[in-house]
There are 2 protein chains.
Amino acid sequence: MARSTNTRFAVAVHVLTLLAGVDDDRVISSEELADSAGVNPVHVRRVLGPLREAGLVTSRAGARGGWELALRPEGISLGTVWRLLQGDDPVLGLHGPNPSCATGKGVQQALTALDVAIADALVAQLERFSVRDVLDGDIPAQFTSAV
Amino acid sequence: MARSTNTRFAVAVHVLTLLAGVDDDRVISSEELADSAGVNPVHVRRVLGPLREAGLVTSRAGARGGWELALRPEGISLGTVWRLLQGDDPVLGLHGPNPSCATGKGVQQALTALDVAIADALVAQLERFSVRDVLDGDIPAQFTSAV
DNA sequence: TGAACTGTAATCACGACGATTACAATTTCG
DNA sequence: CGAAATTGTAATCGTCGTGATTACAGTTCA
């Protein structure tokens, strides 16, 4: 089984969808979100950290504290979420450099270029959908991607 | 740093490019390929296994044995290589199921659908290039993906 | 026959990831 | 004010995927 990317994106989508489904003025604690997503509260806070810094969600400490969306669900695209969590990390696995071999140099460059292209295509697909779409179940099980 | 996919694809591209660059009737040993790619000979054989079964390369045991391309470099698309090595493994990381929560169900379905879309888009990008392109350095460092 | 390979299983070490624990800081409420 | 609830964050731990390494049987050529 090939290594897939980590589950932060999945957890983020899950949690954001939950937050999108509650009343506007209600906040939800990390523990509640974590229980629903089947992960650890600390993990939830770590995942939501970057999203808070980007202004997608807000958090409140103290009793009756918790999390809520800072934007409307339709204003949060999955591409944005991906970018915030994955940053510029490569999608392809590039093995170590091999400076001695000329062909190796070329291969490295090709793979790097491909990685950029693939990352763009990946985000482009995710950009087509928002948290609202996930909440409404509006992501078809099968659809033709731009091939 | 997020977990990227494994390096099998990168190794495969590297090795295939090397094989594409030699005379037609010359075979190269796993050790030679491994040294050039900076990996282990056993790893090379494991990576090339699926490609051999798919008819992309052939191997010969015994003295003066080794590997050679079974197809012309322009006939080996990177998309094919990716599919052979990655199979149907998910690109997105899907966290464990959460049957108790209705929203969770929907999120799982959405993520699964997205994973298919993304995998398709990824392969579509790779399909645009062949081993020949890598060998010739014909993969531009920057190009607009279909956004 | 012996050397040079492939094919493959078994084991090992490393590293990423997420769980868990712990604790300081913040906020609400009685 | 003080207790309870909750975030923010560091530190540690266990698990798992990955590739290196070793070992060895089978194959082929000289």
Side-chain angles (χ1 to χ4, degrees), chain A residues 1-12 14-15 19 25-53 57-68 70 85-87 89-98, chain B residues 1-12 14-15 19 25-53 57-68 70 85-87 89-98:
Chain A
M1 312 88 189
R3 189 192 257 168
S4 57
T5 63
N6 57 49
T7 66
R8 278 179 296 170
F9 175 72
V11 170
H14 194 140
V15 165
L19 290 176
D25 48 355
R26 170 139 177 261
V27 299
I28 305 188
S29 72
S30 303
E31 186 170 3
E32 214 171 334
L33 296 171
D35 284 348
S36 176
V39 295
N40 194 279
V42 177
H43 187 47
V44 168
R45 288 197 280 265
R46 277 200 280 240
V47 167
L48 287 180
L51 306 187
R52 178 189 52 219
E53 288 170 20
V57 297
T58 55
S59 66
R60 231 170 49 206
R64 302 283 177 90
W67 301 82
E68 63 184 329
L85 294 178
Q86 296 300 122
D89 293 333
V91 178
L92 265 47
L94 278 54
H95 64 281
N98 184 261
Chain B
M1 312 89 191
R3 189 191 258 169
S4 57
T5 65
N6 57 49
T7 65
R8 279 178 295 169
F9 176 72
V11 171
H14 194 139
V15 166
L19 291 176
D25 48 355
R26 171 142 177 260
V27 300
I28 305 187
S29 72
S30 303
E31 187 170 3
E32 216 172 332
L33 295 171
D35 284 349
S36 176
V39 295
N40 194 279
V42 177
H43 188 46
V44 168
R45 288 197 280 264
R46 277 201 279 243
V47 167
L48 287 181
L51 306 187
R52 179 189 51 218
E53 288 170 20
V57 296
T58 55
S59 66
R60 230 169 49 205
R64 302 285 177 89
W67 302 81
E68 64 184 329
L85 294 178
Q86 296 301 121
D89 293 333
V91 178
L92 264 47
L94 277 53
H95 64 281
N98 185 261

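Below, chain A is the first sequence line, B the second, and so on; all start at residue 1.
In this structure, the separation between CG on B:N40 and CG on B:D35 is 9.5 Å, given to the nearest 0.5 Å. For the atom pair A:S29 OG and A:R45 CZ, the distance stands at 9.0 Å (nearest 0.5 Å).
Closest to the side chain of A:V42, out of C:dA19, D:dG8, C:dT20, is C:dT20.
Residue B:L33 contributes atom CG, which lies 12 Å from atom P of C:dC5 at whole-angstrom precision. At whole-Å resolution of the value, CZ in A:R52 and P in D:dT7 are 10 Å apart. One can place CD of B:E31 at 11 Å from P of C:dA4, the figure rounded to the nearest angstrom. Separating the CG atom of A:L48 from the P atom of D:dT9 is a distance of 13 Å, rounded to the nearest angstrom. What separates CZ of B:R46 from C1' of D:dG19 is a distance of 7 Å, to the nearest Å. Between B:W67 atom CH2 and D:dT28 atom C1' there is a gap of 15 Å when expressed in whole angstrom units. Taking atom CZ on B:R45 and atom P on C:dC5, their separation rounds to 11 Å, with Å as the unit. For A:H14 and C:dG18, the NE2 to P distance is 15 Å, given to the nearest whole Å.
With B:L33 as the partner, the side chain to side chain contact (heavy atoms under 4.5 Å, CB included) test is satisfied by one option alone out of B:V11, B:V39, B:L19, B:V47: B:L19.
In this model, the phosphate group of D:dA5 is not approached by any side-chain N or O of A:S29 to a distance below 4.0 Å at OP1 or OP2. Between A:N40 and C:dG18 there is no side-chain N or O to OP1 or OP2 distance below 4.0 Å. Contact annotation: B:S59 side-chain N/O to C:dT6 OP1/OP2 distance is not under 4.0 Å.
Nearest approach of A:S30 to A:P41, heavy atoms of both residues: CB-O, 3.9 Å. In terms of heavy atoms, A:L85 sits closest to A:P50 at CD2-CG, 4.2 Å.
Residue order along DNA chain D, read from the 5' end via each residue's closest nucleotide, puts A:A63 first among A:E53 and A:A63. Between A:R64 and A:V44, the one whose closest nucleotide on DNA chain C sits nearer the 5' end is A:V44.
Within the 4.0 angstrom heavy-atom criterion, only backbone atoms of the sugar-phosphate kind lie near A:G65; the bases stay farther away. Note on A:G49: nothing from the nucleic acid sits closer than 4.0 angstrom, heavy atoms only.
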